[in-house]
S.K.: 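My questions all concern the structure below.
Below, all heavy atoms of this structure are taken into account, side chains as well, without hydrogens, waters or symmetry copies.
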Amino acid sequence: MVNHCANPECGKPLHYLREGRVYVFDVTRYASSVADRGRRMEHYWVCGICSNTYLLEQTAHDGVRISRRQTRGDVTIPAYESPHSLAS
């Protein structure tokens, strides 16, 4: 269960999903035999403030890691925000 920001320097508690970003990674656990192999999904949440600067990515050897968003010149590429309704 996700209950706080995945950024270890933040740790903000999760109250609402309307801010931040949820990441879902398919993690395969390998056991000693092929018959014991299982699949599972792991969920992570990055709070709104951290998601402007950081993102999570799955790596082959380290599992999941947090890294800074790439920048173009002096401008940080913003986090995706869902479009808001224009209806009044």
Side-chain angles (χ1 to χ4, degrees):
M1 174 192 234
V2 177
N3 58 7
H4 62 277
C5 180
N7 181 357
E9 296 178 5
C10 175
K12 180 179 180 177
L14 170 62
H15 294 293
Y16 304 102
L17 289 175
R18 65 178 169 231
E19 73 165 76
R21 181 163 183 194
V22 174
Y23 291 84
V24 181
F25 296 108
D26 182 12
V27 179
T28 303
R29 298 176 295 177
Y30 290 97
S32 59
S33 69
V34 176
D36 293 335
R37 191 180 335 182
R39 296 188 79 88
R40 70 169 191 219
M41 304 300 277
E42 288 189 6
H43 296 78
Y44 297 88
W45 174 71
V46 179
C47 74
I49 294 170
C50 291
S51 67
N52 288 326
T53 308
Y54 298 100
L55 56 86
L56 292 180
E57 54 191 3
Q58 188 172 17
T59 63
H61 303 289
D62 300 327
V64 176
R65 70 177 180 184
I66 189 165
S67 61
R68 285 194 161 276
R69 291 186 173 278
Q70 294 183 359
T71 58
R72 293 183 187 152
D74 294 330
V75 179
T76 301
I77 301 169
Y80 172 79
E81 296 200 20
S82 61
H84 301 285
S85 174
L86 299 177
S88 27

S.K.: Could you work out, with ring pair (Phe, Tyr, Trp, His ring centres under 6.0 Å) as the rule, every residue matching Tyr23, not counting sequence neighbours?
M.R.: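 Applying ring pair (Phe, Tyr, Trp, His ring centres under 6.0 Å) to Tyr23 gives none.
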S.K.: Does the side chain of Ile66 reach to within under 4.5 Å of the side chain of Tyr44, using non-hydrogen atoms?
M.R.: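 No, every pair of side-chain atoms sits at 4.5 Å or beyond.
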S.K.: Residues two or more places apart in sequence or in another chain: which of them pass side chain to side chain donor-acceptor pair (under 3.5 Å) with Tyr54?
M.R.: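 Not a single residue meets the side chain to side chain donor-acceptor pair (under 3.5 Å) criterion with Tyr54.
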S.K.: What's in the same ILVMFWY side-chain cluster as Val22, cut-off under 4.5 Å, chained through other members?
M.R.: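 Val2, Leu14, Leu17, Val24, Met41, Trp45, listed by chain and number.
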S.K.: CZ/Arg21 to CG/Leu55 distance, rounded to the nearest 0.5 angstrom?
M.R.: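 So the gap between those two atoms works out to 7.5 Å.
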S.K.: Using the salt bridge (charged side-chain N to carboxylate O under 4.0 Å, His left out) rule, collect all pairs that involve residues 41-58, keeping only residues at least two apart or in two chains.
M.R.: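 Found Arg40-Glu42, Glu57-Arg65.
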S.K.: Tell me the salt bridge (charged side-chain N to carboxylate O under 4.0 Å, His left out) pairs involving residues 11-20, sequence neighbours left out?
M.R.: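 Output for this query lists Lys12-Glu19.
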S.K.: Work out which heavy atom in Ser51 is nearest to a heavy atom in Val46; give both atom names and the distance.
M.R.: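 Distance-wise, the nearest heavy atoms are N-CG1, 3.5 Å.
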